[in-house]
Amino acid sequence: RKEVEQDPGPFNVPEGATVAFNCTYSNSASQSFFWYRQDCRKEPKLLMSVYSSGNEDGRFTAQLNRASQYISLLIRDSKLSDSATYLCVVNIDAGNNRKLIWGLGTSLAVNP
Amino acid sequence: DAGITQSPRHKVTETGTPVTLRCHQTENHRYMYWYRQDPGHGLRLIHYSYGVKDTDKGEVSDGYSVSRSKTEDFLLTLESATSSQTSVYFCAIKPFGKMEANTEAFFGQGTRLTVV
């Protein structure tokens, strides 16, 4: 089982749609959680951190459920510019072993 | 801008030749990482460093070595390049401060390496 698993893609949605991505993680030493966005042939960039109480940044909402080891990202009112791959990332923090574990990503295409 | 630069940005090399990729940071961060990204695999950690001369292996370290002789530079060497090492290589830094666990990673723009 992969340490971080994401929804299989790709997602094709019309502009204005609401879309949700899911991510599960297996390592209980996971300390912090992130959603990154990666445009084609570019480096990943942080979209948002995920906090225990859930957090919102404009049209984007992230949720964390530690008991179920589950993270989600909700995008409301999708824009063409939201088309990208969304990567779920988990930070393992155990002593000198600090690593980011990356999901494979979910591809989103927002269509006119 | 997290002050990370990778060089070269693109390289084509022949099988069996050594290749060194450079990651340079300007902000004195302790942790640096080398990843490779391939279709169907996502980002996989090759090696990481938690200080000068302190490095450790990641999940796909075979065929790679690293060196960190000063804080700002983290070098990745393919000792004898193979076609399976054709990939996009990303360097990353992860700033650590008081809230060590909850900081984002910043990436360089990547190096596209083709081994022919």
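These numbers come from a predicted model, not from an experiment. Here is the naming used below: chain letters follow the sequence lines, and residue numbers restart at 1 for every chain.
Ring-plane geometry between B:F107 and A:Y36 is classed as perpendicular, the angle between the planes exceeding 60 degrees on a 0 to 90 degree scale with a lower cut at 30.
Taking every heavy atom of both residues into account, A:W102 and B:Y35 meet most closely at NE1-OH, 3.3 Å. In terms of heavy-atom proximity, A:S78 sits nearest to A:A17 at OG-O, 2.7 Å.
Looking only at distances, a side-chain donor or acceptor of B:S87 sits under 3.5 Å from a matching main-chain atom of B:Q37. Remark: side-chain polar atoms of B:Q6 are not paired, donor with acceptor, to backbone N or O of B:C23 under 3.5 angstrom.
Residue B:E59: no heavy atom, backbone or side chain, is found under 4.5 Å from chain A. Using a 4.5 Å cut-off between heavy atoms, B:R44 does not touch chain A at all. For B:L43, the parts lying near chain A are the backbone and the side chain together; criterion is any non-hydrogen pair under 4.5 Å.
In terms of heavy-atom pairs under 4.5 Å with chain A, the best-connected choice from B:G108, B:G58, B:G110 is B:G108. Chosen from A:K42, A:R41, A:K45, the residue pairing most often with chain B at heavy-atom distances under 4.5 Å is A:R41.
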